[in-house]
Number of protein chains: 2
Amino acid sequence: MGRALSTTGAQDAGAQDAGTENAAAAQDAGGALYRQVAADLREAITTGAYGEAGRLPAEGALAERYGVSRGTVRQALAVLRADGLVTSRRGTRRVVLGNARVQSFSELLSFTHWARSMGEEPGGRLESLIRRPADAAEREQLRLEPGAEVYVTLRLRTLSDVPVMVERTVYPSHVGQLVAQLPPDVVSHTEQLREHGILFTDADHTIDVVTANAEDAKLLGCRRGAPLLRERRRTTDPTGRPVEWSQDRYLPGTVAFSVHNSLATSALSRHARADD
Amino acid sequence: MGRALSTTGAQDAGAQDAGTENAAAAQDAGGALYRQVAADLREAITTGAYGEAGRLPAEGALAERYGVSRGTVRQALAVLRADGLVTSRRGTRRVVLGNARVQSFSELLSFTHWARSMGEEPGGRLESLIRRPADAAEREQLRLEPGAEVYVTLRLRTLSDVPVMVERTVYPSHVGQLVAQLPPDVVSHTEQLREHGILFTDADHTIDVVTANAEDAKLLGCRRGAPLLRERRRTTDPTGRPVEWSQDRYLPGTVAFSVHNSLATSALSRHARADD
DNA sequence: CAGCAAAAGTTGGCTGGCCAACTTGATCTG
DNA sequence: CAGATCAAGTTGGCCAGCCAACTTTTGCTG
């Protein structure tokens with residue numbers, strides 16, 4: 001892959017002096033070197049440059065090609081391994097596992113971002129926004145003191161004007177205050193919050209099946225008792241403080257969730273459902 | 001990342017490989033140093049040693065405590081970060097995110113192992129096992145040549161004799177041959193296959209909702225058209241060769257799937273459901 | 001005392017090196 | 001020719017060090 005990484009293109013030339021310049025150029029490609037290498041290899045793999053079950057070049061060869069150390073290459077390959085694109089065993093070259101397109105974190109967290117990445121037109125209608133004291137479960141999830149207040153939104157989300165999902169989100173007050181000031185027709189709360197300095201960096205998801213209640217049925221246009229795919233999500237900011245506790249209910253056939261895990265890296269788990 | 005468990009993770013059958021003089025003394029939890037450190041920190045975090053949203057010691061301090069280099073500590077912390085146990089930002093100490101118990105890889109892949117880890121009694125009844133040419137979709141998933149044959153099993157899985165899941169699995173012939181020789185009352189195919197040298201190391205999961213067909217309804221004792229939580233799973237061995245293509249259908253309320261992702265590591269994604 | 005500047009503390013990132021463990025293919029041997 | 005042995009190639013793991021970027025604390029200044 002010809003693309004020898006802009007920063008290191010002049011590797012010997014003046015690698016360290018021109019730090020600022022090159023760093024800026026690198027930024028739009030992914031900032032860190034290992035991310036650029038990972039992005040380039042991902043591109044090569046998904047376009048089939050190494051074949052269906054082909055073998056990748058050795059770490060050393062890649063290090064030389066990109067003009068980086070082997071450690072950096074290993075960091076890049078760890079990313080691809082975690083995404084399930086390649087295997088990784090001692091003693092033999094890495095093998096291409098699949099060419100699965102893995103969405104970015106923001107595509108996963110933001111309905112709007114996700115929809116646009118598929119070429120669909122996302123929409124959202126705010127049904128209600130109320131402010132009230134948090135109940136026990138909400139205090140637990142959002143790590144709030146007794147008596148703390150939360151903002152609760154109910155939104156109907158659409159793809160090309162077709163209802164697909166009901167979203168019930170609970171915000172702690174410091175976030176909810178911002179949400180309450182947004183115009184009711186704003187499509188992406190996530191993007192608006194980011195511009196106000198609220199960052200989403202970590203999320204825990206739980207996925208199961210529920211039946212539509214009266215409210216769901218009315219909004220989604222399905223029967224009461226109809227099955228819905230539910231995703232419950234707790235999101236935290238970079239400091240680890242919970243910023244969102246949301247429950248999305250999708251009409252069947254509109255979405256599926258996909259995850260990769262391996263002996264090396266696994267974050268998925270299966271729970272018994274005594275809760276809720 | 002979760003692994004650290006004795007079962008498959010280390011597959012340390014040939015533990016004779018010396019190398020681990022004093023290191024092994026610490027714990028046989030995991031061969032590698034960073035795994036031992038990770039296991040120890042996980043233990044400390046889940047028992048609340050650092051508090052709910054407490055701060056971890058600095059990398060340097062941990063390195064000194066465990067007598068390893070900072071790089072090794074960073075490797076261990078990367079494991080915990082991927083599991084969603086701690087945050088990780090430049091400039092400040094890591095913060096405890098939660099004390100989520102993350103299942104091991106084998107618990108996730110094996111219904112039997114998972115059930116036992118919850119104290120339930122898993123059961124399974126083989127309804128049918130047939131051998132036939134693979135169709136196009138199966139060839140694609142299992143990466144088979146045209147004309148290749150597959151073994152297809154249909155099993156009803158139970159917890160304490162209560163039906164909870166219907167499992168339809170397609171095996172390539174080299175695995176299916178082994179499955180076909182198993183006694184029909186064997187509970188865990190996965191464990192049996194491992195003893196025959198078939199290892200499961202990577203898996204892709206897709207989770208969505210379907211309605212019960214006549215066969216599902218009969219086996220699970222639900223109405224036809226009732227909602228089921230479906231997990232489709234393709235599993236590969238260490239070399240990247242597909243060894244299993246399975247479709248599990250759970251009764252609502254019996255399980256939920258849970259996953260963590262973050263800006264740093266994300267393997268979960270959301271798909272449109274045009275397929276299938 | 002408020003606000004700003006400097007300093008200290010901490011993690012992210014990268015390098016270079018070394019050895020062990022493992023896989024694979026070639027070579028030798030009976 | 002089958003099987004064992006050996007050598008080369010490759011990844012896993014660990015170390016020591018360095019600097020940059022960022023956060024928090026401290027201390028100074030107006």
Side-chain angles (χ1 to χ4, degrees), chain A residues 5 7-8 11-12 15-20 22-24 26-27 30-38 55-64 66-81 86-95 199 201 237-240 263-265, chain B residues 3 9-24 30-38 55-64 66-81 86-95 199 237-240 263-265:
Chain A
L5 246 34
T7 41
T8 59
Q11 154 201 2
D12 317 324
Q16 59 274 71
D17 332 334
T20 25
N22 282 340
Q27 192 102 20
L33 276 180
Y34 78 91
R35 288 183 186 277
Q36 297 175 41
V37 174
R55 288 163 64 184
L56 254 55
E59 294 174 356
L62 291 173
E64 195 171 2
Y66 290 109
V68 299
S69 77
R70 190 185 150 215
T72 300
V73 169
R74 284 175 63 77
Q75 228 172 328
L77 289 169
V79 174
L80 303 185
R81 180 186 58 180
V86 297
T87 65
S88 194
R89 308 150 63 202
R90 188 181 306 197
T92 185
R93 296 240 188 106
R94 284 178 175 78
V95 173
L199 297 177
T201 57
D237 67 12
T239 72
L263 261 183
T265 69
Chain B
R3 97 112 244 112
Q11 55 201 19
D12 36 5
Q16 40 145 330
D17 38 290
T20 53
E21 286 97 326
N22 41 17
L33 275 180
Y34 79 91
R35 287 182 186 277
Q36 298 175 38
V37 173
R55 288 163 63 182
L56 254 54
E59 294 174 355
L62 291 172
E64 195 170 2
Y66 289 108
V68 300
S69 77
R70 191 184 149 217
T72 300
V73 169
R74 285 177 62 77
Q75 229 172 329
L77 289 169
V79 174
L80 303 185
R81 180 186 58 181
V86 297
T87 65
S88 195
R89 309 151 61 201
R90 187 181 305 197
T92 184
R93 297 241 188 105
R94 284 178 176 77
V95 174
L199 297 176
D237 67 12
T239 71
L263 263 183
T265 67

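Labels below follow one simple rule: chain letters A, B, ... track the order of the sequence lines, proteins then strands, and each chain is numbered from 1.
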Calculate the interatomic distance between [X] atom [atom1] and [N] atom [atom2]; express it in whole Å.
X	N	atom1	atom2	answer
Leu77(A)	dC14(C)	CG	P	14 Å
Leu56(A)	dG9(D)	CG	C1'	16 Å
Glu64(B)	dC15(D)	CD	P	14 Å
Gln75(B)	dT11(C)	CD	P	16 Å
Asp237(B)	dT23(C)	CG	P	12 Å
Arg93(B)	dT23(D)	CZ	P	16 Å
Glu59(A)	dG16(C)	CD	P	15 Å
Leu33(B)	dC18(C)	CG	P	20 Å

Taking only side-chain nitrogens and oxygens of [X], does any of them come within less than 4.0 Å of OP1 or OP2 of [N]?
X	N	value
Arg90(A)	dT10(D)	no
Thr72(A)	dT15(C)	yes
Tyr34(B)	dG13(D)	yes

* **Residue whose closest nucleotide on DNA chain C lies nearer the 5' end, Arg70(A) versus Thr92(A)** => Arg70(A)
* Of Arg89(A) and Arg55(B), whose closest DNA chain C nucleotide lies nearer the 5' terminus? -> Arg55(B)
* Structure fact -> Residue set satisfying side chain to side chain donor-acceptor pair (under 3.5 Å) with Ser88(A), at least two apart, ordered chain then number -> Arg94(A)
* To do: Give Arg94(B) one of three labels, base, sugar-phosphate or nothing, depending on what nucleic acid heavy atoms sit under 4.0 Å from its own.
  => sugar-phosphate
* Asked: Looking across every strand, which nucleic acid part, if any, lies under 4.0 Å from Arg74(A) by heavy atom: base, sugar-phosphate, or nothing?
  -> base
* **Contact check, side chains of Leu62(B) and Val68(B), non-hydrogen atoms, under 4.5 Å** => no
* Side chains of Leu56(B) and Val86(B): does their closest heavy-atom pair fall under 4.5 Å? -> yes
* Does any N or O in the side chain of Gln36(B) come within less than 3.5 Å of the main-chain N or O of Gly31(B), such that one atom is a donor and the other an acceptor? -> yes
* Look up atom OG1 in Thr87(B) and atom CG in Leu77(B), then write down how far apart they are to the nearest 0.5 Å. => 10.5 Å
